[in-house]
Amino acid sequence: MSDQKRLFLVDAYALIFRGYYAFIKNPRINSKGEDTSAIMGFMNSLLDVIKRERPDHLAVCFDKGGSVDRVEMFEAYKANRDETPEGIRTAIPHICNILEAMHIPIMVKEGYEADDVIGTLSRQAEKEGYKTYMVTPDKDFAQLVTENIFMYRPVFGGGYETWGIPEVQKKFEVKDPLQVIDFLGMMGDSSDNIPGLPGVGEKTAKKFINQFGSMENLLANTHELKGKMKEKIEANKELGLLSKQLATIMLDVPVTFNAKDFELDHPDIEKVKQIFQELEFRRLTDNFLKTFSTETTETTTQTPDKQEAPKTTPTEKKSAGAGQFSLFGGDTSNTTETVSEYTRKTAETTSHFYQSVASGMATKLFVKNLMNQTSVCFDTETTGLNPLTAELVGIAFSWEVGKGFYIPFPEDRNEAQTLIEELRPFFENENIEKIGQNLKYDIKVLAKYNIEVKGKLFDTMLAHYLINPDMRHNMDVLAETYLNYTPISIETLIGKKGKNQLSMRDVPLEKQTEYAVEDADITLQLKEHFQNELGEANTQKLFDEIEVPLLRVLADMELEGINLDKGFLESLSEQLNNDIANLEKSIYEAAGEEFNIASPKQLGIILFEKMKLVDKPKKTKTGQYATGEDILSYLAKDHEIIQQILDYRGLSKLKSTYVDALPLQVEESTGRVHTDYMQTVAATGRLSSNNPNLQNIPIRTERGRQVRKAFIPRNVDYTLLAADYSQIELRIIAALSEEETMIEAFKNGEDIHASTASRVFNVPITEVTREQRSNAKTVNFGIIYGVSAFGLSNQTDLSRSESKELIETYYATYPKLRAYMSEQVDFARDNGYVQTVLGRRRYLKDINSRNAVVRGAAERNAVNAPIQGSAADIIKIAMINIHQKLSEGNYKSKMLLQVHDELVFDIYKPELEAMKTLIKTEMENAYQLSVPLDVDLDIGDNWLEAH
DNA sequence: TGCAATGCATA
DNA sequence: GTATGCATTGCAA
């Protein structure tokens, strides 16, 4: 740091708005009913800046009466800005009072905006040799940046970044910060109501700046432009110049920088304290005192106070809450004041006994007690959501409704390990049932501490998934639905995500205890509730024999992850870049102007309004032109540009979703990609995969399937093996419908689509044409989804009536299939649900709807859900059995991925032959149908070869 | 910054 | 026509 004096100029409204909206979801209201969010937000920022930077000089700048000059220029200027919210207007006088008490000058000039005031002052200060920092998130200020003038921007997630000349150059792709004005003038700014040039957005504005340097130069050289862009800009030259003027911050406001006045001297502490007290700011008072006490001791920059965030002690302002007493076991049902407001029960209105357990002897006694139980609910609290990196913060236990204990964990990893060892006997005891909500997570976290969770499991999330798969299964929702109870929300403890979200570690122990034990308590109560509901039908069996065992299998697969060849993807990315740029160029040429191809809105306008490729274009339900793949493909043969757009889309998608995204998902600690299988989201019983989704890696196109080459074995001693069920859904529908013709075809190992074509089109199977087979294939799939003639004709070259005829012939060929489908619909009408071979239910509330569209959808679900769901059941059985065999046989080979009808394994080469047999056998014999199941195996050095 | 709409990858 | 997850755009709060 140089010895230059530093001046900080604060853009008041910008920070006030920011603070206000930060609390928008739960505004701070004090006992007088005043919304203090804006004051709180602003003061937090201000103190933060002072604490971090210890400025020599500081002032706060306000707007007043809008900008006279700008309004004269353009009457719409800021016209459509919303009324200032009530909570902000009322905050201003308070803020001014506080600033006065703090002896901080308030700079404001009637008829000017804060931007102008700050701009003017910063230039004056610069002449006097100051370094000026403009405290504002507003990008417009970038135009003011010089060697001695900086932006000091609060950034998302806490902290600040300083923008000097290099940052501005990079951010806006300009050579001189002054060009930011041209940039803003071209692009426009909807919040400031600067119109900008029509059709020019961020991308184009950057390009123009690069090409022409300034607005004036652009307007003088419009002949270099082409197409519609040229017309539009030439027609709006005045608007361009006006926009630039509007974007220009004035530097001649009649204000004066007086160094003496701006010195940050000692505040009137008593007065500030008094104001804060009236506003009921407790935490802020502490923060304020801390900020200025270090200053008064004059020990310059103390490093520790930077980290001493003001947020470590969340204020509990609503009531003298129950929380803090519980540690000592007091009954906390002090319901007297608050209960009347709530119809729903909460921790505050319910008698409970939640206790944290001290380390040492208390823990030993606790464990002894724990080991005497037969069934215990537990819940781990960690530092994050990723079980591979999350550290234990504590574990809650409950085995009696309304009661529970919390074991906090030390931050030191070795000490934490020592503590968890004391709990090992519990977790690894085969005879104690473990209850939890989403146990897969806890099991994965504990696995990282080398703890295996043994014994019977009861996962309330899985239980509810089987009871009602169409609902959501978060604990909060379940508690409200089944227990009429609202749990403490995680946000009240650690804040909203992003922003300044805390880690559970930063939450005071009492709060951790209340929160964590409540979760365990609630989960225990839910278990008692769900246990009975599972009892009926076959659901209990499905739960005990499929979903719960599968949970451990998935945990292992996720922990294992898969190896990814990052270098390969990098080179693929470069190739794609090249091709995309080329396509972009020729599309712009064909269109006669540049636009955002990725924007369906803009694309629709170019294609259908400008180029008029179609007489009456299709529109989507929101009134946009439909530019979906199906529509464009149809046009592709007539217009070259369409094919290029399709290619462009394909390549962009490929690059952004897979090629560039996957390497970022490699877990640092393992060097592998670990997906997360969701066991409770797909209503049919399938799994889903996310972070990243490894169930939708491309395969259809040549270009896309290259991505699969990046999935490789663990090392040279391993190879990948992919095993997939052949036509499992068709086999299932054949078996369930008992359609002999189809069953026979499968038994004879025929090509099922060719076989269908041969019967439907009445030709020998050897003479089926490619087109016939393809149409038959489409109908076969259509059947699974619940066909309609409309859908079929959309998918094939057939007309609506041809499609209808084809479907009729199909039904005539396979009469039992049709019968089966209507049986399913009838069953659903009578029972309200359909089910899979294992009794997994899906409820169809719309099956008797009077609305034909809604009812039709339910009917298709009635046909599809049992088929898709049965296939899911079968592969789940196979996974459980294979997992079992792999572990019994102590094999090194691992199951890595599941893609609905396919399993992918990392095979230790010496085990290859054994694995082939084991996997094929287990998959084909997972479930007995009247149709044989057939599994194809493929092996390779990457996922593409193994397919 | 968060959400809806759109489009697209898989089975 | 079934079932998902995710990237991008564009608008709103």
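Note that this is a predicted model, so its numbers are computed, not measured. Chain letters run A, B, ... following the sequence lines, proteins first and then strands; every chain starts at 1.
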Open item on the list: In whole Å, I'd like the distance from the OH atom of A:Y658 to the P atom of C:dT8.
Closed with: 12 Å
TODO: Round to the nearest Å and state the distance from A:L897 atom CG to C:dG5 atom C1'.
DONE: 16 Å
Open item on the list: Nearest to the A:Q868 side chain among C:dT9, C:dG5, C:dA3, which nucleotide is it?
Closed with: C:dA3
TODO: Respond yes when some side-chain nitrogen or oxygen of A:N864 is under 4.0 Å from OP1 or OP2 of C:dA3, and no when none is.
DONE: no
Task: Whole angstrom value for the distance that separates P of B:dA9 from CG of A:L576 - done: 13 Å
TODO: Give a yes/no on whether any side-chain N or O of A:K601 is located under 4.0 angstrom from OP1 or OP2 of C:dC11.
DONE: yes
- [ ] Send over the distance from A:I88 CD1 to C:dA13 C1', rounded to a whole Å.
- [x] 11 Å
Open item on the list: Please tell me whether A:Y814 and A:T756 have a donor and an acceptor in their side chains that are separated by less than 3.5 angstrom.
Closed with: yes
- [ ] Identify whether any heavy atom of A:S793 sits under 4.0 Å from a base atom; if not, whether one sits that close to sugar-phosphate; answer base, sugar-phosphate or nothing.
- [x] nothing
TODO: Could you identify which residues of residues 694-702 of chain A place a heavy atom less than 4.0 Å from some atom of DNA chain B, listed by residue number, or say none?
DONE: A:Q695, A:N696, A:I697, A:P698, A:I699, A:R700
- [ ] Name the nucleic acid region contacted by A:Q795, choosing base, sugar-phosphate or nothing; use a 4.0 angstrom heavy-atom cut-off, strictly under.
- [x] base
Open item on the list: Over all strands shown, is A:R686 touching base, sugar-phosphate only, or nothing at heavy-atom distances under 4.0 angstrom?
Closed with: base
Open item on the list: Applying side chain to side chain contact (heavy atoms under 4.5 Å, CB included), can you list everything that pairs with A:Q795, at least two apart in sequence or on another chain?
Closed with: A:T778
Open item on the list: On the nucleotide C:dA3, are OP1 or OP2 found under 4.0 Å from the side-chain N or O atoms that A:N861 carries?
Closed with: yes
- [ ] Flag the pair A:V935 / A:D724 as yes when at least one side-chain heavy-atom distance between them is below 4.5 Å, and no otherwise.
- [x] no
Task: A:N693 CG to B:dC8 P, straight-line distance once rounded to whole Å - done: 17 Å
TODO: With sequence neighbours left out, write down each residue that passes side-chain hydrogen bond (donor to acceptor under 3.5 Å, both in side chains) with A:D846, or none if nothing qualifies.
DONE: none
Task: Contact under 4.0 Å: A:Q898 side-chain N or O vs B:dA11 OP1/OP2 - done: no
Open item on the list: Classify A:A865 by what it touches in the nucleic acid, base, sugar-phosphate, or nothing, heavy-atom distance under 4.0 Å.
Closed with: nothing
Open item on the list: Is the phosphate of C:dG5 approached by A:S688 (side-chain N or O, under 4.0 Å from OP1 or OP2)?
Closed with: yes
- [ ] Mind checking side chain to side chain contact (heavy atoms under 4.5 Å, CB included) for A:D797 and listing every partner two or more places apart, or none if nothing turns up?
- [x] none
TODO: Take the protein atom CD1 of A:I597 and the nucleotide atom P of C:dG10, then report the distance between them rounded to whole Å.
DONE: 13 Å
TODO: Establish, from distance only, whether the side-chain atoms of A:D936 and A:S726 form a donor-acceptor pair under 3.5 Å.
DONE: no
- [ ] Please work out if A:T627 contacts a base, only the sugar-phosphate, or nothing of the nucleic acid, heavy-atom cut-off 4.0 Å.
- [x] sugar-phosphate
Task: Value in whole Å for how far the P atom of B:dT1 lies from CZ of A:R153 - done: 9 Å
Task: Pairing residues for A:S489 by the side chain to side chain contact (heavy atoms under 4.5 Å, CB included) criterion, not counting sequence neighbours - done: A:E491, A:T492
Task: Partner set under side chain to side chain contact (heavy atoms under 4.5 Å, CB included) for A:M678, not counting sequence neighbours - done: A:D676, A:V681, A:S688, A:N690
- [ ] Pick base, sugar-phosphate or nothing for A:R842, based on heavy-atom distances below 4.0 Å to the nucleic acid.
- [x] sugar-phosphate
Open item on the list: So A:V681, base contact, sugar-phosphate only, or nothing? Heavy-atom distance under 4.0 Å.
Closed with: sugar-phosphate
Task: Length of the line joining A:W943:CH2 and B:dA9:C1', which is rounded to integer Å - done: 12 Å
